[in-house]
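Reviewing the structure listed below.
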Amino acid sequence: MEKHFDPNTIETKWYQTWENKGYFKPKNDDSTPYSIMIPPPNVTGSLHMGHAFQDTIMDTLIRYHRMKGDDTLWQPGTDHAGIATQMVVERQLAAKGLSRHDLGREKFIEKIWEWKEDSGGTITQQLRRMGASPDWTRERFTMDDGLSDAVKEVFVSLYEEDLIYRGKRLVNWDPVLHTAVSDLEVISEEEQGNMWHMSYPLTDGSGALVVATTRPETMLGDQAVAVHPDDERYQHLIGKTITLPLVGRQIPIIADDYVDPEFGTGCVKITPAHDFNDYEMGKRHDLPMLNILTHDACINEEAPEKYQGLDRYEARKLIVADLEALGLMVDIKPHTLMVPRGDRSHAVIEPFLTDQWYVAVEALAKPAIDAVKNGDIEFVPKNWENTYFEWMNNIQDWCISRQIWWGHRIPAWFDDNGKVYVGRNEQEVREKNGFAADYNLRQDDDVLDTWFSSALWTFSTLGWPEKTPELAKFHPTSVLVTGFDIIFFWVARMIMMGLKFTGEVPFKQIYVHGLVRDGEGQKMSKSKGNVLDPIDLIDGIELEDLVKKRTYGMMQPEKAAKIEKSTRKQFADGIPAFGTDAIRFTFASLASTGRDIRFDLQRAEGYRNFCNKLWNATRYVLMNTEGFDTGVDKKADIEFSLADKWIVSRLQNVETEVAKQFDAYRFDLAATALYEFIWNEYCDWYLELAKPILNTDSSDAAKRGTRKTLVSVLETILRMLHPITPFITEEAWQAVSPLAGKHNDTIMLEPYPEADASKIDLDAEAELEWVKKFVIGVRKIRSEMDIAPSKALPVLLAGLNDNDQAWLKNNELYLLSLAKLASIEVLLDEVNAPESAVALVGEMKVLIPMAGLIDKEAEISRLDKEIGKLQGEIKRLGGKLSNQGFVAKAPESVVAIEREKLASYETALKNLEAQYEKIQQL
RNA sequence: ACGACUGUAGCUCAGUUGGUUAGAGCACUACCUUGACAUGGUAGGGGUCGGUGGUUCGAAUCCACUCAGUCGUACCA
């Protein structure tokens, strides 16, 4: 084996072996089913840190349950990402000077499929690099035939139940992408604008009202001015009309208590076709819905000719100028307002009156709320339930139609009279309605929101609406692993659809994890230039390549220089190759309950070192066991040392802890428990304790016992760690497991370690604790007294009780080796002891003679420090125990522990003080 | 405005139902190239747990208020 762990040489080899041998597939036996559906990444996407993190968690869960013997299915796939994918291919066409309209719908869709065949697999290849073990043979895509059938089935049956309807409503219109988007796809952020105060003259010439607006161009569509019914200033005007400037239309002054009399002038202009609040008011007062915009957000022919064809912002300028010229612009004040923008196009979204398809969600929401309330679905951590309930209780009908070409085309047909017929296909519509073959039918041009098909993901991927065996076995799925940012988009909708169409919840638990951010807590984004590519962390990347990658193809090239500078500063030497296992371990250790996960490269480095530690421990074990008798043959004499019993006992402890934390989705705590056991107990102590037995003339039985323990504990460690770090554990296990008498093909399918209470040995733990204390005591003196580590020391012991005597006899070999001692001598007569530095192990004194080694002043100041510490503690405990309230009210066991502590500190203090006196008298 | 979450060592974070001297990793200091590992070893320094008040024998932990930050939702034209 190499001296350093080199992940690169083993990862591809093992991944290919696993995949080719079919280890990722379900066993299809009658063991407990365990299934996870991958949140389908966007087919246009590439793996980012969020995916890498999430997939590490899912893979860890799947590998853990697979090893526990469950019949596991991890279902992979991607979604078709309607708008995003269409934009990618349109951009490619644009480079050739073409638009999708030049190709026509059919040709364009063909192009998209071609693109998908060529480039759609990026993310699934990257997932493989992460070591993910989904059943690739079951990979699905939301546009697959089967999934498309499911989409049609759901659409038709919801329509037949009147849960899908078509209607003319105000929607969020993206004037760049020319499509409606759902309210979730609109991001409103504060931007600087103005508040324009405009004077509207009364038709009868008796005066004017002043209205304020942030969007003066909408005045072209005004249908009323509203005041509060109780507002005394305006009561006499209600029912009169004003004449709309520039337009000349007479519009009424109406009363509505939506108007806040305190705000502004207390008069509001009402534009029902261009504002959501005004739309509601327009419906209440039966106002005309006059649309004054085109699909591009230009002024249409409903407005005065002068403004027709102008872009909305051009029109704004002109209208403001015209009103100023008329003296009707009373005031213009700077104003901060929330501007709605499309999350894909970043264009300002326009409330726009169009025909769209909607899902009536209220009836679907109720059972979905109940499923969480009654515990059929459980959020982990639980507090995300609040977010879910808040959204579900205020849920709005879902606009599902999109005016784009890529996606599931709505299964609805219009006849020449504009009447709509819904069916699974044209044939069905004709048959159901008795239309002759030559009766003219035209399919709706719109496609469905991508999330509509994603909402069916848990069951459509298993073959629904067919009654497949997979559906029966793996649905409901065991857990959904997802980020909190898509609880509304996806999780809630899956619950609604799952309950409606399968009659059962889509998953029993929802593990909601945080979002990966950079070291400063900033969201990673291309435009900020702080993106890390998980593959670069695995393989490493040179500084120049990283700079190139971060500044290439930017939307805002002006930021490139700044990004280059900060990248050069932060990664002066590029990024080293950490390997997949280290990155996975880092993700696991960051998976605590918080919302933000700051990815710290130094932590990845620490866990790379951990992998190297494990590698070298394996190397040591192999060097000492390969070609030797490791006790596989049960007939040979075998003898287990204290260290053997101790490490096996501690192993049971970590096995219990890790299982508990995996089951609670606390991957951070599981990772910590493993890290601490492997490094601080197995490597730091057990391997060191094994050395004196293997390197001296101990009996064959003792050596056999040590070798067997070395191997069996390591083999168990590897299995325990495998779900988090699959590659290094497989590589090491291949070499180690035969020495433990195992001859199987892969660690992946080995049983997950379980604690055996009968192997817990508290006596051995206590005795080894004594050994550790002894060793640490000597090391402390050595270090603080500046004695060379290479110098073997003689020690003298005094004040031994029966335990000390027995344990000393058992463990002399360990003490000599680990504390690097020349000799150990028990003093019968302490009075005649030479001047020494002292360490206390309980009440036993470990004396290191000072002659020639230790300086008097140094020892005095060392003792002084120790005494000071003890005095502080004694004072604190004394105070606590003399508090009547504490003694009377605290549980007896707590009081007893405190008393014991006080007593032992007092003894120690007495001993150290005596020592202090003695040294000082020299 | 409402709601949620966060605030613990220089940095990134743990801290279970209130009960050891509040922990880990990284960083830092000193010593050590010893034979698994310098991607290492040994020892060490560093925190009045955002603040104030309360409940309690006892509070990082429970309660109230407060400050700071993050995110969501709703927003008045």
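Below, chain A is the first sequence line, B the second, and so on; all start at residue 1.
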Could you check whether [X] gets within reach of a base, just the sugar-phosphate, or nothing at all, counting any heavy atom under 4.0 Å?
| X | value |
| --- | --- |
| A:Asp600 | sugar-phosphate |
| A:Trp679 | sugar-phosphate |
| A:Met338 | base |
| A:Thr672 | nothing |

Measure up the A:Tyr607 and A:Tyr675 rings against each other and bin them: parallel (under 30°), tilted (30 to 60°), perpendicular (over 60°).
-> perpendicular

Indicate the ring-plane relationship of A:Tyr511 and A:Phe667, choosing parallel, tilted or perpendicular according to the 30° and 60° boundaries.
-> perpendicular

Per [X] side chain, nearest of listed nucleotides [options]:
| X | options | result |
| --- | --- | --- |
| A:Arg666 | B:rA36, B:rG44, B:rA14 | B:rA14 |
| A:Lys3 | B:rC71, B:rC37, B:rU12 | B:rC37 |
| A:Arg779 | B:rG41, B:rC13, B:rU42 | B:rU42 |
| A:Leu669 | B:rA77, B:rG3, B:rA14 | B:rA14 |
| A:Asn612 | B:rU39, B:rA43, B:rA27 | B:rU39 |
| A:Val268 | B:rA77, B:rA14, B:rU73 | B:rA77 |
| A:Tyr258 | B:rA77, B:rC57, B:rU70 | B:rA77 |
| A:Glu390 | B:rU70, B:rC71, B:rG72 | B:rG72 |
| A:Asn383 | B:rC32, B:rA4, B:rU12 | B:rA4 |
| A:Lys613 | B:rG41, B:rC13, B:rU42 | B:rG41 |

Hey, does the side-chain of A:Lys691 have a donor or acceptor N/O within less than 3.5 Å of a partner on the base of B:rA36?
-> yes

Spell out yes or no: do the side chain of A:Glu688 and the base of B:rA36 have one donor N/O and one acceptor N/O closer than 3.5 Å?
-> yes

Any chance the rings of A:Trp615 and A:Phe5 have centres within less than 6.0 Å?
-> yes

Mind calculating the distance between [atom1] ([X]) and [atom2] ([N]) to the nearest angstrom?
| X | N | atom1 | atom2 | result |
| --- | --- | --- | --- | --- |
| A:Gln602 | B:rU39 | CD | P | 15 Å |
| A:Glu784 | B:rU29 | CD | P | 19 Å |
| A:Ile395 | B:rU73 | CD1 | P | 13 Å |
| A:Tyr620 | B:rG35 | OH | C1' | 10 Å |
| A:Arg603 | B:rA27 | CZ | P | 13 Å |
| A:Lys382 | B:rC5 | NZ | P | 13 Å |
| A:Tyr675 | B:rG25 | OH | C1' | 6 Å |
| A:Phe379 | B:rA4 | CZ | C1' | 14 Å |

Value for CG (A:Leu515) from CZ (A:Arg598), rounded to nearest 0.5 Å, stands at 13.5 Å

Planes under 30° and centres closer than 5.5 Å, is that true for A:His4 with the base of B:rC37?
-> no

Compute whether any side-chain donor of one residue and acceptor of the other, for A:Glu390 and A:Thr387, lie under 3.5 angstrom apart.
-> no

Looking just at side-chain N and O atoms, do A:Asp222 and A:Thr271 make a donor-acceptor pair shorter than 3.5 Å?
-> yes

Sticking with atom C1', work out how far B:rA27 lies from B:rG10, rounded to a whole angstrom.
-> 7 Å

Which sits closer to the 5' end of RNA chain B, A:Ile776 or A:Gly606, going by the nucleotide each is nearest to?
-> A:Gly606

RNA chain B: 5'-proximal contact among A:Arg595 and A:Lys901 (nearest heavy atom) = A:Lys901

So what's B:rG46 paired with, Watson-Crick or G-U wobble, going by both distances under 3.5 Å?
-> none

